[in-house]
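Below: one structure, written as structure tokens.
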Number of protein chains: 4
Amino acid sequence: MNHHSYFFFYLVVESLKRNKPKYKQIVDAAVVVIAENGYHQAQVSKIAKQAGVADGTIYLYFKNKEDILVSVFREKMSIFVENLQKILGADVSSEEKLYRMIENHFRVLHSDHHLAIVTQLELRQSNKDLRHEINNVLKDYLALLDRILAEGIEQGEFEKGMDIRLARQMVFGTMDEIITSWVMNDQKYDLMKLAPNVHRLLMKGMKAD
Amino acid sequence: MNHHSYFFFYLVVESLKRNKPKYKQIVDAAVVVIAENGYHQAQVSKIAKQAGVADGTIYLYFKNKEDILVSVFREKMSIFVENLQKILGADVSSEEKLYRMIENHFRVLHSDHHLAIVTQLELRQSNKDLRHEINNVLKDYLALLDRILAEGIEQGEFEKGMDIRLARQMVFGTMDEIITSWVMNDQKYDLMKLAPNVHRLLMKGMKAD
Amino acid sequence: MNHHSYFFFYLVVESLKRNKPKYKQIVDAAVVVIAENGYHQAQVSKIAKQAGVADGTIYLYFKNKEDILVSVFREKMSIFVENLQKILGADVSSEEKLYRMIENHFRVLHSDHHLAIVTQLELRQSNKDLRHEINNVLKDYLALLDRILAEGIEQGEFEKGMDIRLARQMVFGTMDEIITSWVMNDQKYDLMKLAPNVHRLLMKGMKAD
Amino acid sequence: MNHHSYFFFYLVVESLKRNKPKYKQIVDAAVVVIAENGYHQAQVSKIAKQAGVADGTIYLYFKNKEDILVSVFREKMSIFVENLQKILGADVSSEEKLYRMIENHFRVLHSDHHLAIVTQLELRQSNKDLRHEINNVLKDYLALLDRILAEGIEQGEFEKGMDIRLARQMVFGTMDEIITSWVMNDQKYDLMKLAPNVHRLLMKGMKAD
DNA sequence: CATGAATGAGCTTTCATTCAT
DNA sequence: TATGAATGAAAGCTCATTCAT
């Protein structure tokens, strides 16, 4: 490679970097590395290499390794939260909002296999401290789910005396278990197609009419 | 040795091991150590000390550390499976069987705080391989749940077209999420009291009548 | 460039540097940072920040970090040397000159706590190379001490057959040990008051008359 | 090497090890490694290799690296202390005791070049915490020196009004400076021969009679 | 002259597992 | 069977120095 081609190569690489600030670059690299190597094999050096930066550069943007992992969760979770906020703002029934939530939850993970592996399998191997951090991030999401449920009760769509915490745990626990199974089965079947049935089960339960 | 004789040899050795008091001693010690120190602080040497044996002795009964952990899960899961088998044999409706399953699941973990911490929080930090192993153990339990669901459909108690896999994931995911939340909240409230409501939600869903 | 022209070039560059305010700024910043944070916590970035310059600027004035530290020692040592030169020029006995030297040595460090910490404790943590450099700087000072001793012998004030090197090591070793103890005791007592006794001990020894 | 010769080789190595318990083995290895590589290049792995043990074995005998270094100082210092205790017990004048102390101090370091390098140059590069530890160890030694001085005053051998702390600092500072210079000059001259002159200087001072 | 973002080499310590007794 | 001393691989983080701007 002569020094001209090096120069242009440099420009391309640089503009890629500039368009994706290093912070995002590293977070995205972490998702890929964790998904492909597993949580315990996701060394900082691997993440750095994947991000195209030096090991030390990581520490200009993150306090420590745990900080990277929490950031991964926070950054990606914000996709769910933002979508859910839009759904909440829509002028539709609570039942429809719940449906859209399930559908959104499934779609985001369906469309990003790496992310699905990371959130459903890998990040759960983190230690208790990190898991508490992750739970804090989750709280925002679950608070929005609670709002759907509360509004549904208010509008008479959902069972009047329903325990919101239990209902939330049923909705989230169900979605989570279904997605984890799907990931552990190597994402063989079409997750999206399950949404209507899941929604129906949650709304009307298992009892025959 | 062909694979048949290997299989029988395996069965004999396994049953011998499990009858030996030290095997159980070590498994029980592992539960205590993991519950009190957390998964990542549960070194083999700590388990050995708690069991009152030398480090090396562990390896006379277990192939490696992962083998201890899988054994913990298998031994303890058998309590759930045995109870559930009794429930299945009872002459009651499928709905009642489901209720008893939930009640049993909650009760076992409610009555053994160490076990609850280990199964809901600590063992989930294990790596993918171990979690696949654990899932295999779980399968027996979930197969029994599937039988309740299939019988319920057959007898017209549960929705005819219901997807059994989804329903199973809803039931298990809901129970699991509820128990995990309870453990993470330091087991502050009475888990047992939730069983009727959980059962009602799973049966009739959230929709107002 | 032959070694003569190199030598003069060196002199010019050196004198240019030392007149530049930033050079002194950085040396003074280094003293403060080392005294307050300790040798091993005195990162180049901290010194730069304390001096109010960018990290990179340091390298316009110093070859590397070691060069800063040697410069600190050289700059500060020159105070001792200059004072000692004045003392040597005074028209007093050698014994009096020795007294004034001790008194000066104590006074300079007594009046600059930061400097005392840096020279007695922190700079001694440097590696062998740097300590050899520091010793070179010290040589000028010790050479002046040797002159006091030689003159004293010549004038019949000091013991005729006295080994000058040993005597120098006794004088310097004694002063150094006393000051280091004083610094390690957090400079609790009055160093200056010790000068007469130290002088007396060095002159007449411990033996009872 | 056939397995017989391996066996005998093994016996020899083992008996060497057994005669020198691992603790001492490691301390001695540390002295050699520090002397030959310098304090900052004395990695735990090098010490382990020199001691003929695995890295991990170090940590069966020492809390951490600092613990090795403190132990080096403590173990070696005890030679000085034990010798000095014998000297104190001798039925000779205080002046003679002082002489023997100097002679002993010089001899121990003169006879172990590695140790001389380690105590005079390398260990002084340790951080403040370690140096405080080292100072604690030194205190025992200096306390014995103080006893010689106090007894000398009592018996009218040493100057009546003499400040013991100052005198101790003169004696130790002088010895220390002389030895350090000798080490920095690559131990070129005969340290032992200096003892009488040093003693004379300390006793009678520099002043001409 | 001055900047400061980026670099990347380097090392202590833990702990699952082995194996001579 | 049981022991427990010994092993040795493996990784997060710091910071002196550079160099494009």
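If you're wondering where the values come from, they're calculated on a predicted model, not measured in any experiment. Just so we're on the same page: letters track the sequence lines, and every chain starts at 1. Computed from heavy atoms alone, side chains included, the values below leave out hydrogens, waters and symmetry copies.
- Contact check for A:V27 versus A:F62: side-chain heavy atoms found under the 4.5 Å cut-off.
- DNA chain E is contacted by both C:T57 and B:K65; C:T57 maps to the nucleotide lying nearer its 5′ end (nearest heavy atom per residue).
- C:K46 has its NZ atom 16 Å from the P atom of F:dT17, to the nearest Å.
- Checking F:dA11, F:dT7, E:dT13 against the side-chain heavy atoms of A:Q43 singles out F:dA11 as nearest.
- Rounded to whole Å, atom C1' of E:dT18 lies 13 Å from atom CG of B:N64.
- Take the nearest nucleotide of DNA chain F for B:D55 and for A:D55: the residue whose nucleotide is more 5' is B:D55.
- In this structure, C:Y61 does not reach the E:dC1 phosphate: none of its side-chain N or O atoms is under 4.0 Å from OP1 or OP2.
- Checked against F:dT18, E:dT7, E:dA16, the side chain of B:V44 finds its nearest nucleotide in E:dA16.
- A side-chain donor-acceptor contact under 3.5 Å links A:K65 to the backbone of A:A42.
- When the C1' atom of E:dC15 is taken as reference, atom NE2 of A:H40 falls 15 Å away, rounded to whole Å.
- Regarding C:K49, its NZ atom lies at a distance of 14 Å from the P atom of F:dC15, rounded to whole Å.
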Check the pair A:R131, B:Q125 against side chain to side chain contact (heavy atoms under 4.5 Å, CB included), reporting the backbone distance first and the verdict last. CA-CA 10 Å; A:R131 282 225 307 297; B:Q125 297 174 50; 3.2 Å; yes

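- Counting only heavy atoms from C-beta on, A:Y59 has its side chain closest to F:dT14 among F:dT14, F:dA2, E:dT7.
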According to the Watson-Crick and G-U wobble definition with distances under 3.5 Å, which dot-bracket string, read 5' to 3', encodes DNA chain F, using [ ] for crossing pairs and | for pairs with another strand? .||||||||||||||||||||

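- One can place CG of A:N37 at 15 Å from P of F:dA10, the figure rounded to the nearest angstrom.
- Note: CZ (A:F62) to P (F:dG12) measures 15 Å, nearest angstrom.
- Looking only at side-chain heavy atoms (C-beta outward), D:S71 and D:Y23 come within less than 4.5 Å of each other.
- Put simply, the side chain of A:K46 does not reach to within 4.5 Å of the side chain of A:K49, judged on heavy atoms.
- A straight line from CD1 of A:I26 to C1' of F:dG12 spans 15 Å, rounded to a whole angstrom.
- Each of C:E66 and B:A54 lies near DNA chain F, and the nucleotide nearest B:A54 is the one positioned closer to the 5' end.
- No side-chain heavy atom of C:I134 sits less than 4.5 Å from a side-chain heavy atom of C:V137.
- Rounding to whole angstrom units, CD1 of residue D:I58 and P of E:dT13 are separated by 11 Å.
- Using a distance-only test at 3.5 Å, with no hydrogens or angles considered, a donor-acceptor pair links the side chain of D:E122 to the main chain of D:Y39.
- At E:dA6, one or more side-chain N or O atoms of A:K22 fall inside 4.0 Å of OP1 or OP2 (strictly under the cut-off).
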